[in-house]
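Inspection log for the structure reproduced underneath, given as structure tokens.
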Amino acid sequence: MQQLIDSFGRQITYVRLAVTDRCNLRCQYCMPAHGIDIVPRKELLTYKEMYRIIRVLTELGVTKVRLTGGEPFVRKDFVNFLEMLSFNDLLNTINITTNGALIKKHIKSIEGLKKVKNINLSIDSLYEDKFNQITRRNVFSEVYSALELLEKSSLNLKLNVVVQSGFNTNEINDFVKLTEDKNIVVRFIEEMPFNGSGQREIGENWNLKRILEEIQSEFKIYEVPTKKSSTSRNFQVENFKGSVGIIPAFTRTICNDCNRIRITSTGMLKNCLFDDGVFSIRDFIRKGASNNDLKQLFLSLVKQKPKNGFIAEANRTNGNVSESMSTIGG
Ligand code: SAM
Ligand code: SF4
């Protein structure tokens, strides 16, 4: 089998696919209050196109896909798409990142799809008023009850917490406490300027080191060994059921072992979160490319994968990082 190997010898086995750029929330760190300019529907990849792209990628050694957005559950028939994707016998794992506001009624059907293993639920505060302020929508109780149902389900649950200086930093250890009796992973993510307008005013710089210090100020933690390609450094408090991860998304100390590529909702291939899009797979398909053409294209595009996120950012032609994460897929 031909495999996707970049020019630094890294094998690509993981793809993150944004199924939409639409979202029902308006998180402060992701987009402006008025939202983003969403693209016309016909510019979004269709489910058939997504299925085909993933199929070709799995024929090149990809085994894992994460579906994200925008908010994946906003797109009509998303659960049917999960089912469709499950038919791909070369795919081992389907993961989903969601804000959780629309997931509750689908949990049972998702549990029935054996390839869907991990749900990452984004929740940045455990206080209703703060949560609503961050997301600019009143959906805290809906999201928190989804969290409780997911925790009891057969799906593995990870919470994504974007650490926002001076806003939810005083809750870091409350989130760690959640892992005492819940079998979940809480992952703290460094905030990045992907919010529709660029770097926000921040006070203190809450990078991995600072987040770790905060946790160590209250808990005795030990580091848990992780897979080489993991995006996080992982820790556990002794005798706690769950664990804690810190994702150095902005300080980018995990790039060396990167094994992933991204496809945006409009079908743009991104070799790195920080690049500004490498090639329109959608246009290539819509011009009549065969699966073999697609394979050859992927094999050559991954050779352009930059060594790390700093190089990707320096090579951008569209200016500084400022696009909304909702258009990239997080
Ligand atoms: N709507 C879904 C959600 O919020 O989980 C999926 C898409 S969202 C873009 C994917 C992840 O990116 C979420 O965990 C979100 O918190 C994170 N994210 C969004 N903007 C970010 C930013 N500027 N810095 C760090 N993480 C961000
Ligand atoms: Fe929507 Fe997710 Fe962005 Fe929040 S982080 S606005 S839920 S896409």
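Whatever order the structure lists ligands and atoms in, that order sets their numbers, starting from 1.
Nearest non-hydrogen protein atom to atom 9 (C) of ligand 1 is Met325 CG, 3.3 Å. Among all protein heavy atoms, the one lying closest to atom 11 (C) of ligand 1 is Thr97 CG2, 4.2 Å. Among all non-hydrogen protein atoms, the one lying nearest atom 21 (C) of ligand 1 is Tyr29 CD1, 3.5 Å. In this structure, the protein non-hydrogen atom closest to atom 8 (S) of ligand 2 is Cys23 SG, 3.7 Å. Looking from atom 2 (C) of ligand 1 to the surrounding protein, the closest heavy atom is Glu71 OE1, 3.4 Å. The single protein non-hydrogen atom nearest to atom 4 (O) of ligand 1 is Ser122 OG, 3.4 Å, given as residue, atom name and distance. Among protein heavy atoms, the minimum distance from atom 24 (N) of ligand 1 is reached at Met192 N, 3.0 Å. Nearest protein neighbour of atom 6 (C) of ligand 1, counting heavy atoms only, is Gly70 O, 3.3 Å.
Between Glu238 and Lys220 there is no salt bridge, since none of the side-chain N atoms of the basic residue sits less than 4.0 Å from a carboxylate O of the acidic one. Remark: Glu59 engages Arg55 in a salt bridge, criterion side-chain N to carboxylate O under 4.0 Å.
Using a 4.0 Å cut-off between heavy atoms, Met31 contacts ligand 2 through its side chain alone, with no backbone atom that close. Under 4.0 Å from ligand 1, the heavy atoms of Thr98 that appear belong solely to its backbone.
Using a 4.5 Å cut-off on side-chain heavy atoms (C-beta onward), Leu159 and Leu178 make contact. Side-chain atoms of Trp206 and Glu190, non-hydrogen and from C-beta on, never get closer than 4.5 Å to each other.
Scanning all heavy atoms of the two residues, the minimum distance from Phe240 to Lys177 falls at CE2-CA, 4.3 Å. Looking at every heavy atom in both residues, Ser125 comes nearest to Lys130 through OG-CB, 3.3 Å.
Residue contacts with ligand 1 include Val162, since one or more of its heavy atoms lies under 4.0 Å from the ligand. Heavy-atom separations between Gly69 and ligand 1 include at least one value shorter than 4.0 Å.
Residue Asn99 has at least one heavy-atom neighbour below 4.0 Å for each of these atoms of ligand 2: 7 (S).
Proximity of the aromatic rings of Phe298 and Phe279 is defined here by a centroid distance below 6.0 angstrom, and this criterion is not met.
Atom CG of Leu157 and atom CD of Glu151 lie 7.0 Å apart (nearest 0.5 Å).
Among the atoms of Cys30, an N, O or S atom falls under 2.8 Å from atom 3 (Fe) of ligand 2. Among the backbone and side-chain atoms of Cys27, an N, O or S atom lies under 2.8 Å from atom 4 (Fe) of ligand 2.
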